[in-house]
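All values derive from a computational prediction rather than experimental measurement.
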Amino acid sequence: QLQASGGGLVRTGDSLRLSCAASGRRFDSYVMGWFREAKGKNREFVAASSWHGGEKLYAPSVRGRFTTSRDNAKNTVYLQMNSLKYEDTAVYYCAATSRSGRVSYTGQYDYWGQGTLVTVSS
């Protein structure tokens, strides 16, 4: 089970850190991903981290502003979001997959957490 938290209301340019805590099983060997779903839009890929954290993948829209990291000892993954923009407003989801490689599609992920809402005011 995955539990995302840390969302909230912030202003343009602010930073926010999301957390995703896993329980019930270990996700050390899984790729952990972040997705987001804005109102009226499809869920889209944001970032992913390999099981060891050494390989990361980012959507072009967030590259350079967002950073994903993980602490396997805590079974937790993070998404540090800096220089937030209005268009970053969405519900953010964490997910896990046993697949490897460029896992940037929702269908590639096996486990999903509930979302946490991030609202960026302009």
Side-chain angles (χ1 to χ4, degrees):
Q1 190 172 7
L2 302 173
Q3 180 92 17
S5 62
L9 173 62
V10 296
R11 295 183 176 183
T12 299
D14 283 353
S15 298
L16 202 59
R17 189 177 82 156
L18 305 183
S19 298
C20 175
S23 61
R25 66 180 300 144
R26 300 294 303 180
F27 285 94
D28 308 46
S29 61
Y30 284 69
V31 169
M32 300 297 295
W34 288 95
F35 289 76
R36 66 186 181 186
E37 188 172 324
K39 192 174 183 180
K41 296 186 178 181
N42 293 328
R43 192 170 299 188
E44 64 174 6
F45 172 76
V46 175
S49 171
S50 60
W51 69 270
H52 50 74
E55 296 179 19
K56 299 177 183 179
L57 184 65
Y58 296 97
S61 59
V62 306
R63 190 176 295 124
R65 300 188 297 121
F66 291 12
T67 302
T68 185
S69 60
R70 61 192 297 167
D71 186 337
N72 287 336
K74 295 182 178 179
N75 221 20
T76 300
V77 63
Y78 305 97
L79 183 67
Q80 177 67 42
M81 305 186 294
N82 298 329
S83 302
L84 281 162
K85 303 177 181 180
Y86 173 77
E87 50 265 40
D88 294 320
T89 296
V91 177
Y92 283 73
Y93 298 88
C94 59
T97 178
S98 57
R99 296 171 176 82
S100 59
R102 298 184 65 83
V103 283
S104 59
Y105 296 98
T106 56
Q108 294 174 301
Y109 284 77
D110 308 304
Y111 301 92
W112 290 86
Q114 94 298 344
T116 185
L117 177 62
V118 173
T119 304
V120 184
S121 62
S122 58

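- Looking only at side-chain heavy atoms (C-beta outward), Met81 and Val120 stay at 4.5 Å or farther from each other.
- In terms of heavy-atom proximity, Thr97 sits nearest to Gln108 at OG1-O, 2.6 Å.
- A heavy-atom distance below 4.5 Å is found between the side chains of Leu57 and Phe45.
- Put simply, Trp34 and Val10 are part of the same group of oily side chains (I, L, V, M, F, W, Y) that touch within less than 4.5 Å, one to the next.
- Hydrophobic clustering (side-chain heavy atoms under 4.5 Å, transitive across Ile, Leu, Val, Met, Phe, Trp, Tyr) groups Phe66 together with Val118.
- Panel note: side chain Asp110, backbone Arg99; no donor-acceptor pair is recorded below 3.5 Å.
- Under a cutoff of 6.0 Å and an axis angle of 45°, Arg63 and Tyr58 do not form a cation-pi pair.
- Closest heavy-atom contact between Ala95 and Tyr109: CB-CD2, 3.4 Å.
- Summarising the geometry, atom CD belonging to Glu44 is positioned 11.0 Å from atom OG belonging to Ser104; distances are rounded to the nearest 0.5 Å.
- Annotation for Ser15 and Asn82: closest pair OG-OD1, 2.9 Å, computed over non-hydrogen atoms.
- Of the inter-residue distances, the one linking Arg17 atom CZ with Leu79 atom CG reads 10.5 Å to the nearest 0.5 angstrom.
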Show the numbers, then the answer: is there a side-chain contact (heavy atoms from CB on, under 4.5 Å) between Val62 and Arg36?
CA-CA 11 Å; Val62 306; Arg36 66 186 181 186; 3.9 Å; yes

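- Listed here is the closest heavy atom pair of Leu84 and Arg65: CA-NH1, 3.9 Å.
- A distance of 11.0 Å separates OG1 in Thr76 from CD in Gln3, rounded to the nearest 0.5 Å.
- Of all heavy-atom pairs spanning Tyr30 and Ser98, the tightest one is CD2-N, 3.5 Å.
- Note: the hydrophobic cluster containing Leu2 does not contain Trp51 (ILVMFWY, side chain heavy atoms under 4.5 Å, direct or indirect links).
- Taken to the nearest 0.5 Å, the CG atom of Asn72 stands 7.0 Å off from the CZ atom of Arg26.
- For the pair Lys74/Ser19, no side-chain contact is recorded, criterion being any heavy-atom separation below 4.5 Å from C-beta on.
- The closest side-chain heavy-atom distance from Leu117 to Leu9 is not below 4.5 Å.
- Across all non-hydrogen atoms, the minimal contact from Ala4 to Cys94 is CB-SG, 4.1 Å.
- Without hydrogens or angle criteria, Thr68 side chain to Tyr78 main chain gives a donor-acceptor distance under 3.5 Å.
- Both Leu16 and Met32 belong to a single network of hydrophobic side chains, linked directly or stepwise wherever heavy atoms of I, L, V, M, F, W or Y lie under 4.5 Å apart.
- Residues Tyr93 and Val46 do not share a hydrophobic cluster, clusters being chains of Ile/Leu/Val/Met/Phe/Trp/Tyr side chains in contact below 4.5 Å.
- Within the 3.5 Å criterion, the main-chain N or O of Ser50 finds a donor-acceptor partner in the side chain of Arg70.
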side-chain contact (heavy atoms from CB on, under 4.5 Å) evaluation trace for Leu18 with Val77:
CA-CA 8 Å; Leu18 305 183; Val77 63; over 6 Å; no

